[in-house]
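Because only heavy atoms are used, hydrogens play no part in the values below, and waters and symmetry mates are left out as well, while side chains stay in. By convention in this document, chain letters (A, B, ...) are assigned in the order of the sequence lines, proteins followed by strands, and residues within each chain are numbered from 1.
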There are 2 protein chains.
Amino acid sequence: MNVVLDAMGGDHAPTVNIDGAVEAVHESEDIHVTLVGDEAVIRKELKGRKYKAGRISVVHASQVVDMHESPSVAIRKKKDSSIRVGIGLVKAGKADAFVSAGHSGVVMGTSLLLLGMSKGVDRPAIATLMPNLKDKFLILDVGANVDCTPQNLHQFALMGNIYCRLILGREKPKVGLLGIGEEDIKGNELTKEAFKLIKQSSLNFIGNIEGKDIFSGKADVVVCDGFTGNIALKISEGLAETVIKMLKREISGITAGRLGYLMLRPAFRNFKKKTDYDEFGGAPLLGINGTSIISHGRSSSKAIRNALRVAHDFSRKRVYEAISDAIQSDLHAREA
Amino acid sequence: MNVVLDAMGGDHAPTVNIDGAVEAVHESEDIHVTLVGDEAVIRKELKGRKYKAGRISVVHASQVVDMHESPSVAIRKKKDSSIRVGIGLVKAGKADAFVSAGHSGVVMGTSLLLLGMSKGVDRPAIATLMPNLKDKFLILDVGANVDCTPQNLHQFALMGNIYCRLILGREKPKVGLLGIGEEDIKGNELTKEAFKLIKQSSLNFIGNIEGKDIFSGKADVVVCDGFTGNIALKISEGLAETVIKMLKREISGITAGRLGYLMLRPAFRNFKKKTDYDEFGGAPLLGINGTSIISHGRSSSKAIRNALRVAHDFSRKRVYEAISDAIQSDLHAREA
C-alpha cells in the first residue's frame with residue numbers, strides 16, 4: 001500500500017514528516033511512503049536514517065503552499081505544490097492515499113478538485129476523533145462546510161457511521177446530533193430538519209446530544225455543521241489545556257505542591273497521552289473519491305506516523321467506496 | 001433593594017433557595033428578598049432560621065412550573081406560577097429584580113411577556129460568565145435564540161459590553177466574535193455579516209476569536225448565536241468535569257496516587273472553587289425592561305446567593321437602562 005506524504009506541510013516540516021515516515025515503515029510491513037516536496041531537501045533529511053530500502057520513495061514538487069495563503073489562489077496558481085503533486089499521484093492511480101499537515105483548506109480544495117466527490121454526496125466533511133470517558137468518539141464536520149443544509153448533516157451521519165464501523169470496529173455505532181437539548185423538537189432550524197432525516201434512516205440514531213454529554217461516551221458519532229464542529233473541537237482543545245494550566249498553577253501555589261506533583265507525574269503523563277492529539281492520527285476528508293487525511297499543522301512525528309497508519313487503514317478497508325455505497329443505498333431506500 | 005426569588009425553581013428547591021436568601025440578607029445590608037411560592041411550604045422552611053426581621057418576605061403563588069413542561073403551555077396556562085407571580089411583582093414596580101433556578105424557557109418567555117423588550121432591541125440574550133486563565137469572561141447568547149440575524153449579534157455585542165463595563169468594571173472591554181479563524185473574512189454567513197456591523201460600531205472590537213482562545217483571556221466579551229453559545233457552554237462544563245474525572249482515574253491507577261492526591265488536594269479544591277459555576281451568580285437576560293436572572297437548575301444555596309447578589313448589582317447599577325441607551329445611541333449613530 002503506497003501512501004503519499006506531503007513532506008513540506010506543517011509547522012515542523014520537513015523534519016518531523018520524514019521522522020514520521022521512517023517510523024511508519026518500521027511499524028508496518030505493508031506500507032510504502034512516497035515523500036513529495038523539494039527533492040534535494042528531502043534527500044538530505046533522509047541521509048543517514050535507517051529504513052528498509054525501497055519502502056520510502058521521493059517525488060519532486062517545486063512549490064510549497066504557505067499556511068497563510070488564500071486557498072483559492074494557491075489552488076489555482078501553485079500547480080507544482082507538494083499538495084497538488086501528491087494528490088495528483090492518488091488521482092493517477094500511482095498511490096492509494098494522501099496525508100498532509102499543510103494548509104487544510106488547500107488540501108480539501110485540491111482533493112475535491114482532483115479526486116472529486118463520491119456519487120450522491122453533496123458535500124465532503126472533515127471527521128476527527130476525540131477522547132471521551134470510555135475511549136473515543138468521532139465528530140464531523142469540523143470545518144469543511146461553515147454553512148450546511150439538513151441533507152448535508154444527514155449525509156455526514158451516514159459517512160461517520162461507516163468510518164466508525166470500519167475503522168473503530170464498532171458494529172452499530174450510536175449516532176447523535178449535536179444540539180441544545182435532548183428532546184426531539186429542540187434545536188435550530190438546521191438541526192430540527194436534519195433530525196427528521198436522520199431519524200428516517202437505518203442508522204442507530206440516539207437523537208440530539210448536548211454539549212455536556214459528548215465526552216461521556218453516549219455517542220460514537222457526533223454530527224454537526226462545520227462551523228459548530230470547528231468551534232466545539234477548538235474549545236475542547238483550548239479548555240483541556242487551560243484546565244491543566246490552571247491546575248498546575250494551583251499546585252505550584254501550595255507548599256506540598258512540588259512533591260505531590262512529582263508523585264503524580266506519571267498520572268499526568270498518562271492523562272496527556274490518552275488525550276494527546278498526536279495519538280489520533282489526523283482527520284480524514286470523507287465523501288471524496290479517494291483517501292485524503294488532514295493532519296494538524298502542529299503535528300509531531302508521532303502524529304504524522306499515526307496519520308499514515310490511518311491512511312493505510314482507510315485504503316485497506318476501502319472506506320471511501322463503502323461511504324459511496326452507503327449514500328447510494330440510502331438514496332434508493334428513500335426513493336422506494 | 002427588593003429582589004424577588006422564585007422559591008420553587010430548581011432541582012433542590014425550596015431548601016437551597018431559602019438558604020441562599022438567608023445568606024444573601026446576611027451578606028448585604030441593602031438587600032430585601034421576596035420569596036415567591038407555596039406560602040405554607042416557605043414559612044415552614046423559614047421557621048427556626050435566623051435573619052433580620054423584615055429583610056425577607058413571602059408572597060404566595062399556588063402553582064409550580066415543572067422542568068419538563070412545554071414553555072408555551074406553561075406560560076399560557078399557569079397564571080399563578082411562582083415565576084409568573086414573581087416577575088409580575090417586578091412589572092408592578094413592587095420589586096427591582098427577579099431570580100429563578102426554574103425552567104429557563106418559561107422565565108425567559110414570561111420576562112419578555114410581562115416586562116417587554118428594551119426599545120430598539122430585536123432579541124434578548126442570555127449572558128453568562130465563564131472562567132479563563134486571567135479571571136473570567138462573558139459569553140452571549142447562550143440559548144435565548146437558536147437562530148440569529150447579524151443584527152442580533154451586533155446588539156448582543158453592545159449589550160455584553162455594557163454588562164462587562166458596569167458589572168465587571170472593565171473600562172473598555174475587548175469584544176470578540178466567536179468564529180473559526182482569526183482572519184476578518186473567515187466565518188459562516190451569519191458571522192461574516194455580523195463582523196462588518198460590529199466593526200462599524202464604537203466597541204473595542206478585536207475581531208474573530210477562535211474556540212481555542214476563549215479561555216486565554218484575549219476577549220472580555222465573546223459574542224455568538226444562542227445555538228453555538230449553548231453548545232460552547234455545555235461542552236466546557238462537560239469537558240472540565242471529564243478532564244478532572246480522567247485525571248483522578250489516572251491518579252488512582254498509580255502506586256503513589258493516594259498520597260500524592262492527598263498532598264495536592266488543596267490545589268484541586270482551589271481549582272474547583274475558581275471554576276465553580278456556583279461562584280458566577282446566574283445568567284442575566286439582557287435586552288428586556290427589567291432585571292431577570294436565570295440560575296442553573298442544579299443551583300446550590302451559594303449559587304442562589306450569588307445570583308441574588310448579581311440581581312442586586314444589576315438593579316443598583318441600572319444595567320438595563322444603560323443597555324437601552326447604548327442600543328439607542330448606536331441606532332442614532334448609524335442613521336447619522
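At a threshold of 4.0 Å, the pair B:Lys212-A:Glu237 does not count as salt-bridged, since none of the basic side-chain nitrogens sits closer than that to a carboxylate oxygen. A salt bridge does not link A:Glu250 to B:Arg269: none of the charged side-chain nitrogens sits closer than 4.0 Å to a carboxylate oxygen. Remark: B:Arg170 engages B:Asp135 in a salt bridge, criterion side-chain N to carboxylate O under 4.0 Å.
Contact check for A:Lys248 versus A:Tyr261: side-chain heavy atoms found under the 4.5 Å cut-off. Side-chain atoms of A:Val223 and A:Val221, non-hydrogen and from C-beta on, do get closer than 4.5 Å to each other. The closest side-chain heavy-atom distance from B:Ile244 to A:Val243 is below 4.5 Å. Side-chain contact between A:Leu140 and A:Leu286 is present, with heavy atoms from C-beta onward closer than 4.5 Å. At least one side-chain heavy atom of B:Phe227 sits under 4.5 Å from a side-chain heavy atom of A:Thr228.
Proximity to chain A is limited to the side chain of B:Arg249, based on heavy atoms less than 4.5 angstrom apart. Contacts of B:Ile254 with chain A are made by side-chain atoms alone, with heavy-atom separations under 4.5 Å and no backbone atom involved. Proximity to chain B (any heavy atom under 4.5 Å) is restricted, for A:Thr191, to the side chain, taken from C-beta onward. Proximity to chain B involves both the backbone and the side chain of A:Thr242, based on heavy atoms less than 4.5 angstrom apart. The part of B:Ile214 that comes within reach of chain A is its side chain, from C-beta onward, which places non-hydrogen atoms under 4.5 angstrom from that chain. Of the two parts of B:Ser236, the backbone and the side chain both hold a non-hydrogen atom closer than 4.5 Å to a non-hydrogen atom of chain A. At a 4.5 Å heavy-atom cutoff, A:Asn145 makes no contact with chain B through either its backbone or its side chain. With a 4.5 Å cut-off on non-hydrogen atoms, A:Leu133 touches chain B through its backbone and its side chain both.
Between chain A and the options B:Leu190, B:Asn132, B:Ile180, heavy-atom pairs under 4.5 Å are most frequent for B:Ile180. Taking B:Gly179, B:Ala240, B:Gly253, B:Gly143 one by one and counting their heavy-atom pairs under 4.5 Å with chain A, the maximum is reached by B:Gly179. Put simply, of A:Asn188, A:Ile235, A:Leu262, the one with the most heavy-atom pairs under 4.5 Å next to chain B is A:Asn188. Contact count against chain B (heavy-atom pairs under 4.5 Å) is highest for A:Gly187 among A:Gly187, A:Cys224, A:Ser252, A:Gly226. In terms of non-hydrogen atom pairs under 4.5 Å with chain A, the most contact-rich of B:Gly238, B:Gly181, B:Pro131 is B:Gly238. When the candidates A:Ala256, A:Gly257, A:Gly211 are compared by the number of heavy-atom contacts under 4.5 Å with chain B, A:Gly211 comes out ahead. Top candidate by heavy-atom pairs under 4.5 Å with chain A, chosen from B:Leu264, B:Asn270, B:Asp225, B:Asn230, is B:Leu264. Interface summary for chain A: among B:Glu210, B:Met246, B:Glu189, the most heavy-atom pairs under 4.5 angstrom belong to B:Glu189.
Remark: of the listed residues A:Lys136, A:Lys273, A:Lys272, A:Lys273 is the sole one forming a salt bridge (charged side-chain N to carboxylate O under 4.0 Å, His left out) with A:Glu279.
Judged by distance alone, the side chains of A:Ser216 and A:Asp213 never bring a donor and an acceptor atom under 3.5 Å apart.
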